[in-house]
Amino acid sequence: MLDTILRTVDDYAEVARHLGVAQPGLCAVSVFALIRGVTHGDVFDAMPQRQFGEASYGEVRSVFPVLPTTILDPAVPQPVRDLQSVHFDVVLPPPPALIGRRAPVADMTTVDRADLRAALRPDLMTLIDLFAPRYRKYHG
């Protein structure tokens, strides 16, 4: 999951400017809301992940910014893209290793990426704890 979050850093450099954040380095975790007629089953069936959890908007929003977003990546499976109207990003704060950084994360050394993963872990664990308990999806 940390590598997935790292891939969002470069994408969020543009978002950071619109949010008034002077430096790049924001990271994001995708979530889907059960609104506008979308049900647990819709999200459950569309998502390839084998684990999931639920949290209220208020709980998540009290800790992290939550932004409505659109899935544009053509590599994302169509069932997931079909849920884009209820797709949100939970924005994690920029780890110190990314503040002021202008080079893409992909250009970081292996050691720097490991340090970055370690810096992201506490915020990610806080977010995951908001989605507790976790449920396992079984494929039959």
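All heavy atoms count here, side chains included; hydrogens, waters and symmetry mates do not.
- Proximity of F64 to L127: side-chain heavy atoms (C-beta onward) are separated by under 4.5 Å at one or more points.
- Remark: D129 CG to L124 CG distance equals 9.5 Å, nearest 0.5 Å.
- One finds the CG atom of D45 at 12.5 Å from the CG atom of D82 (value rounded to the nearest 0.5 Å).
- Judged purely by distance below 3.5 Å, without hydrogens or angles, the side chains of R81 and Q84 never pair a donor atom with an acceptor atom.
- Between D42 and T39, the side chains place a donor N or O and an acceptor N or O closer than 3.5 Å (distance only, hydrogens not considered).
- By the criterion of side-chain heavy atoms lying less than 4.5 angstrom apart, applied directly or through intervening Ile, Leu, Val, Met, Phe, Trp or Tyr residues, Y57 is grouped together with V90 in one hydrophobic cluster.
- Across all their heavy atoms, L130 and E59 have their closest contact at CD1-O, 4.0 Å.
- Residues I35 and M47 share a single hydrophobic cluster, defined by chaining ILVMFWY side chains whose heavy atoms lie under 4.5 Å apart.
- How far CG of L92 is from CG of D123: 5.5 Å, rounded to the nearest 0.5 Å.
- Under the 4.5 Å side-chain contact rule for hydrophobic residues, F88 and L34 share a cluster.
- Contact between A46 and P79 at its shortest, heavy atoms only, is CB-O, 3.6 Å.
- To the nearest 0.5 angstrom, R121 atom CZ is 11.0 Å from L116 atom CG.
- Between atom CZ of residue R61 and atom CG of residue L67 there is a gap of 8.0 Å, rounded to the nearest 0.5 Å.
- When side chains are defined from C-beta on, V31 does not count as touching V60, because their heavy atoms never get closer than 4.5 Å.
- Placement of F131 and Y135 in two distinct hydrophobic clusters is found when ILVMFWY residues are connected by side-chain heavy-atom separations under 4.5 Å, directly or transitively.
- No continuous path of hydrophobic side-chain contacts links F52 to V80 [ILVMFWY only; heavy atoms under 4.5 Å].
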